[in-house]
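Counting convention: from 1, in listed order, for ligands and their atoms alike.
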Amino acid sequence: MELLSIPRNCANIVVDSLYNAGVRLVFGIPGAKVDGIFDALLDHPGIRLIVCRHEQNAAFMAAAVGRITGRPGVCIATSGPGASNLTTGLATATTEGDPVVAIIGSVSRLQSTKRTHQSMRALDVLNPICKETTGIEVEDQVAEVMLDAFRGATSYPRGATVVSLPLDIAKSGSKIPAFPSASFSLPDFGPSPISCIESVGHLIEEAKLPVLFLGMRSTAPQVVAVIRDFLKQHPMPVVETFQAAGAVSRELVNLFYGRVGLFRNQPGDKLLAKSDLVLTVGYDPTEYDANLWNVHGKLRIVHIDYQTCDFGFHYRPIIELIGSIEHNIRCLAANIRNTVSHSESEICRSLYEEFHSWKKTAIPQEVSGLVKPLHFISCLQRYVSPTTTVTCDVGTVYIYMMRYFFAYEPGMFLTSNGQQTLGVSLPWAIAASLVQDPPCSKKVVSLSGDGGFMFSSQELSTAVQLKCNITHFIWNDGHYNMVEFQEELKYGRSSGIALGGVDFVRFAEAFDAKGFRIRSEDEVESVMREALAYEGVSIVDVSIDYSRNQDLASNVIPEEYK
Ligand SMILES: Cc1ncc(C[n+]2csc(CCOP(=O)(O)OP(=O)(O)O)c2C)c(N)n1
């Protein structure tokens, strides 16, 4: 890397840096303080600009690229309201471990201390919810700050970083060029000391019911591959958090006891409560606080992660294996000799049966009335190909889906669980379509409630314009149901939950998308099949039956359960 003989425009250095970092898609909305970068993007045929309808959705899409590919997704917004609109998307990315680099414009340095048009202390707004936020102050910093933003976003815990580029710097030049691609890759982690690995090996050999508890940082393809090899050599029961969906393969499904999260009433929760050794892998408490699944703080825990744990009364690991998860699990597999055949145990047998019992009632005897959630899910499971990416918004819809929908590959069944941010599913489906090779070549399925859909429904226009192939199902009950049923359980009544009044089929048609309706049980199979076969963007308005939703929160395991 050498200094340039002629200074290069800083906006071009930003764009060169993106390209060298491996970025091929950027999501954003233009504005006067950032139009220099948009202009520079025109000269870079290797980067595709996706113009969104709201900056929050641009951040959601960037985060989905980060989550699916493991490399930072990029969003761009103008100063002031453009930058502040990124907030929820970047906070979600940081909490949920998705690498994102956000580039925002800012007023020129000369005006930065004054009240001036569209000025805002945006970095002060974004700083608490991002990993790092940097305002470029001189031209020669541009390349280094860009490099640092990418390295910061990809180092653990992954999350969002922000670079603010003043208008006047974007227009002027620097002789320091963008760093080459190799500078953007981070060095690998190694395994923990062998003595620690051997100690964990002994704990596993002595345990009567060890349980592997997979969290959000266990879904990188190389980690999943090692976990699967480990389980083949040393079969033991596995549970997933919602964001770990897909870590367990179809081949290993007999070891899978489901996902845990809302509420502590799942077979997986009972398994954790009965376990004498919980091995967490890439577990992050934002998904499911330890005080909820380790109520008495008595569980024996081994923590395997890239980072040290958030130590506390309810999460006190006996040993922490810090470093490369894949190295540590591979070393662990080689260090264990004999393990008990746990899945043969009576506890495991009955919990496994409990976990699969819902299927018996999923296909109703009588096909009439509003659509039953489990009937819908069992059909979706049958009609969606195992290679289809499914994104799911927060709401009662996600509690059902995360409990009962199976996905056997990582990065293919996505939800927001750390922040439970409403509105992610459609933007994520668009991003999942765009990272396909070739882009938008395969069906993507997304789901939301009627409330969550309206948080980002304007991106229907983006999806149609990009020629995505997305089927979005709206579980429509005219209410913010997940809040409604929990309010009812707490207070015996509900407040602020009424929605309704939107005809989603006509809404879809206004955007030139296709609209379908599933009004009742008897229409589920035929309309679902038709909608999934439709090539293009479609919305399916599903009249959902939430009359049994309080069951989702019933039979919470008593505190004394052991
Ligand atoms: C941005 C944001 N605002 C508010 C909430 C609180 N919240 C969680 S679920 C929910 C209701 C979701 O309703 P809907 O999308 O219709 O799905 P349903 O629960 O009816 O399936 C709300 C308001 C949230 N999680 N995220």
Side-chain angles (χ1 to χ4, degrees), residues 54-61 63-64 84-96 98 129 160 242-243 261-263 286-289 370-377 380 390-405 414-429 445-460 472-491 494-504 507 518 539-553:
H54 192 294
E55 288 86 356
Q56 176 171 292
N57 299 327
F60 286 157
M61 291 183 208
S84 60
N85 270 352
L86 293 173
T87 314
T88 301
L90 299 184
T92 305
T94 302
T95 305
E96 301 186 357
D98 302 324
I129 48 99
F242 292 0
Q243 285 184 218
L262 286 170
F263 301 85
T286 54
E287 278 206 82
Y288 193 25
D289 281 312
L370 296 178
V371 177
K372 310 284 178 293
L374 296 188
H375 180 204
F376 178 96
I377 291 172
L380 191 68
V390 176
T391 65
C392 186
D393 227 329
V394 177
T396 302
V397 56
Y398 111 125
I399 308 180
Y400 277 112
M401 282 291 289
M402 297 323 288
R403 283 187 186 182
Y404 301 115
F405 189 79
L414 308 174
T415 201
S416 161
N417 199 34
Q419 287 287 356
Q420 284 190 335
T421 302
L422 276 174
V424 296
S425 64
L426 182 61
W428 282 7
V445 169
S446 57
L447 294 99
S448 68
D450 47 327
F453 177 68
M454 299 296 285
F455 275 65
S456 52
S457 51
Q458 67 273 49
E459 299 303 333
L460 207 49
H472 183 98
F473 294 96
I474 301 175
W475 283 19
N476 188 358
D477 71 322
H479 290 86
Y480 284 126
N481 184 264
M482 187 172 120
V483 178
E484 179 183 26
F485 88 79
Q486 291 185 75
E487 284 181 352
E488 278 165 6
L489 286 169
K490 281 190 230 166
Y491 309 112
S494 58
S495 162
I497 43 68
L499 294 167
V502 182
D503 181 332
F504 289 111
F507 187 97
I518 304 182
I539 296 292
V540 189
D541 182 341
V542 184
S543 302
I544 201 78
D545 180 353
Y546 273 158
S547 58
R548 301 297 301 273
N549 54 10
Q550 293 200 357
D551 293 356
L552 292 170

Subject >> Pair Asp393, Ser425: side-chain N/O donor-acceptor within cut-off below 3.5 Å >> reply: yes

Original post:
Near ligand 1, which residues have a heavy atom under 4.0 Å away from one of its atoms?
Top reply: Val394, Gly395, Thr396, Val397, Gln420, Leu422, Gly449, Asp450, Gly451, Gly452, Phe455, Asp477, His479, Tyr480, Asn481, Met482, Val483, Tyr546

Subject >> Main-chain N/O of Gln419 paired to Glu96 side chain as donor or acceptor, under 3.5 Å >> reply: yes

Original post:
How many angstroms lie between NE2 in His472 and CG in Leu460, if you round to the nearest 0.5 Å?
Top reply: 9.0 Å

Original post:
Do Asn417 and Gln243 have side-chain N/O donor and acceptor atoms under 3.5 Å apart?
Top reply: no

**OP:** Verify whether the ring centers belonging to Tyr400 and Phe376 lie closer than 6.0 Å.
**Re:** no

Original post:
Which residue, Thr88, Thr94, Thr87, forms the side chain to side chain contact (heavy atoms under 4.5 Å, CB included) with Ile129?
Top reply: Thr87

